[in-house]
Amino acid sequence: MNDYVAFNNSYNRNFKFLDKDNSIAYIKVKSFSRDYSEKFYKETFEKIKNAKSSYLIIDVRNNYGGSLDEVNNLYSYLTPAPYALIKPSQVTSKTAPLKTSYFRKSNFLQYAYKGLTYPTFFFAQTFGTYKKDGKVYYKMKADKTTQPNKDSFKGKVFVLINGGSFSASSILTAKLKNDKRVVLVGEETGGANDGTVAGFYSFQKLPNSKINLPIGLLLVQPNITFTNTKKGVVPNVTVNETLQDVIDKNDPQMNWVLSEIEREKNLQK
């Protein structure tokens, strides 16, 4: 459920309470892989609801992105109202989805299997597009209106971000900031605030360096009022991490959030 990653002997998702009375919940997501994610969020937010936690910290620092379906599902636990996560996603033409490197890195057996399933892929990609106002769009679940989850969190949410937060994690945090659902803490994301070119890729070998460069084919933009700043998602509270912090294994961004929660708790006494 936490999505074990054998490559680096770690878990992709983690959840825990940070205090004895379970008032502060913490979720760390290293990447949005989608694998087992529905079960993870279902059980996690049930525990948070049962514990009657007042605060939730979501950590997407160094999260390079991934599945929009997982992000869309996570957002349903963070909002009280129906929402559309992204705007309709644009492609350059109706044939653009077919330019993905479908057989890339396939061994003989995988190639044979993909050869059998290619007709299904072909028709799904071909009929996955539609034209509107002279532009071509790709059908995505995340651009449809989604209802909030029954166990959506009602307390205060802090989200930790930094320059290693890209793609889908920037889509998530841009949407959360626009809707004023959270307090973003840390450093500006590496991914742009107003959208990303990703979704699916065509790998092209550059003629001189021979590097296989992934070219994104889908324009994915959060359903927000664009900032038009050509910047990443800027935090509500900027807390920079220094080289010395890394050496000392000090986490100034998490420390700021915990200090702010403690301050708020003292004001409520």
Side-chain angles (χ1 to χ4, degrees), residues 12-19 23-33 37 40-41 44-45 47-49 53-68 70-81 83 85-86 142 146 148-149 151-196 220 222-225 227 229 231-241 251-264:
N12 197 34
R13 302 180 198 92
N14 290 285
F15 161 70
K16 60 183 176 181
F17 293 108
L18 298 183
D19 54 351
S23 65
I24 307 173
Y26 172 79
I27 297 173
K28 169 69 176 178
V29 186
K30 293 181 180 179
S31 70
F32 295 110
S33 69
S37 62
F40 173 84
Y41 293 120
T44 293
F45 280 93
K47 291 176 182 178
I48 293 172
K49 184 177 182 179
S53 302
S54 301
Y55 298 94
L56 171 61
I57 303 170
I58 299 177
D59 192 345
V60 292
R61 291 176 294 182
N62 302 315
N63 180 319
Y64 52 81
S67 168
L68 270 182
E70 178 174 343
V71 170
N72 195 46
N73 184 38
L74 172 56
Y75 197 91
S76 73
Y77 288 96
L78 303 175
T79 181
Y83 66 95
L85 179 70
I86 61 173
T146 303
N149 192 281
D151 292 326
S152 61
F153 184 68
K154 303 298 192 297
K156 187 166 185 177
V157 183
F158 294 90
V159 178
L160 299 173
I161 57 175
N162 67 3
S165 305
F166 282 93
S167 195
S169 61
S170 296
I171 296 290
L172 172 67
T173 49
K175 177 65 173 169
L176 287 168
K177 183 180 181 181
N178 178 84
D179 295 353
K180 297 179 171 56
R181 283 294 302 133
V182 304
V183 178
L184 298 179
V185 179
E187 302 168 65
E188 179 184 344
T189 63
N193 185 91
D194 293 353
T196 180
V220 183
N223 187 25
I224 63 172
T225 301
T227 61
T229 56
K231 294 175 68 67
V233 184
V234 178
N236 300 106
V237 180
T238 298
V239 180
N240 293 315
E241 182 184 52
D251 190 341
Q253 294 151 354
M254 176 65 85
N255 292 341
W256 185 94
V257 173
L258 295 176
S259 296
E260 177 63 13
I261 291 174
E262 187 64 28
R263 184 188 71 82
E264 291 185 7

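Throughout, residue positions are numbered sequentially from 1 according to the sequence presented. Just so it is clear, the values below take in all heavy atoms, side chains as well, and ignore hydrogens, waters and symmetry mates.
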Looking at every non-hydrogen atom in both residues, tell me the closest pair between A192 and S170 and how far apart they are.
O-CB, 3.7 Å
Are there more than 12 heavy atoms of other residues, nucleotides or ligands under 6.0 Å from atom NZ of K154?
yes
Mind telling me whether F45 and Y41 have parallel, tilted or perpendicular rings, with 30° and 60° as the class edges?
tilted
Heavy-atom closest contact (K16 atom, L18 atom, distance):
CE-CD2, 3.7 Å
At what distance, to the nearest 0.5 angstrom, does CD1 of I161 lie from CZ of F166?
12.0 Å
Go through it in stages, so that I can follow the logic: the residues are S152 and T79, the test is side-chain contact (heavy atoms from CB on, under 4.5 Å), and I'd like the CA-CA distance, side-chain angles, deciding distance and then a yes or no.
CA-CA 6 Å; S152 61; T79 181; over 6 Å; no
E260, E264, K156 screened by side-chain hydrogen bond (donor to acceptor under 3.5 Å, both in side chains) with Y55, the one that passes
E264
Closest non-hydrogen contact found for T189 with S165 is CB-O, 3.4 Å
So do the side chains of Y77 and I48 get within less than 4.5 Å of each other, counting heavy atoms only?
no
Begin from the C-alpha positions of V182 and L78 and carry the test side-chain contact (heavy atoms from CB on, under 4.5 Å) through to its verdict.
CA-CA 9 Å; V182 304; L78 303 175; 5.5 Å; no
Taking only residues two or more places apart in sequence, or in another chain, which ones meet T227 in a side-chain hydrogen bond (donor to acceptor under 3.5 Å, both in side chains)?
D194, T229
F158 side chain reached by V237 side chain, heavy atoms, under 4.5 Å:
no
Residue set satisfying side-chain hydrogen bond (donor to acceptor under 3.5 Å, both in side chains) with T196, at least two apart, ordered chain then number -> none
If I compare all heavy atoms of S169 with all of T173, which pair ends up nearest, and what's the gap?
O-OG1, 2.8 Å
Rounded at 0.5 Å granularity, tell me how far OG in S259 sits from CE in M254.
11.5 Å
In Å and rounded to the nearest 0.5 Å, what is the CZ to CG distance from F17 to L56?
10.0 Å
Measure from the side-chain N and O atoms of N149 to the backbone N and O of S76, and report whether any donor-acceptor pair falls under 3.5 Å.
no
Nearest-0.5 Å distance that lies between atom CG in L74 and atom CG in L172
5.5 Å
pair V29-E70: side-chain heavy atoms closer than 4.5 Å
yes
Flag if over 12 foreign heavy atoms under 6.0 Å of OH, Y64
no
Just verifying a value: how many Å separate I261 CD1 and S54 OG, rounded to the nearest 0.5 Å?
9.5 Å
Could you pull out the closest heavy-atom pair between I57 and L258, with the gap in Å?
CD1-CD2, 4.1 Å
Side chains of V60 and F32: closer than 4.5 Å at any heavy-atom pair?
yes
Side chains of V185 and W256: closer than 4.5 Å at any heavy-atom pair?
yes
Between Y83 and N223, do the side chains contain an N or O donor and an N or O acceptor separated by less than 3.5 Å?
no
Least distance between heavy atoms, G186 atom then P235 atom
O-CG, 3.4 Å
Is any side-chain heavy atom of R61 less than 4.5 Å from a side-chain heavy atom of E241?
no
Would you say L85 and V71 make side-chain contact, with heavy atoms under 4.5 Å?
yes
Minimum side-chain heavy-atom gap L176-V157 below 4.5 Å
no
If you measure from OG1 on T238 to CG on L184, what distance do you get to the nearest 0.5 Å?
10.0 Å
N255 side chain to D251 main-chain N or O, any donor-acceptor pair under 3.5 Å?
yes
Apply the test side-chain contact (heavy atoms from CB on, under 4.5 Å) to residues E187 and N240: give CA-CA distance (whole Å), side-chain angles for both, the deciding distance (0.1 Å), then the verdict.
CA-CA 6 Å; E187 302 168 65; N240 293 315; 3.5 Å; yes
Walk me through whether I224 and N193 qualify under side-chain contact (heavy atoms from CB on, under 4.5 Å).
CA-CA 9 Å; I224 63 172; N193 185 91; 3.5 Å; yes
Provide the full list of salt bridge (Lys or Arg N to Asp or Glu O under 4.0 Å) pairs with a residue in residues 176-186, sequence neighbours left out, each pair given once.
K175-D179
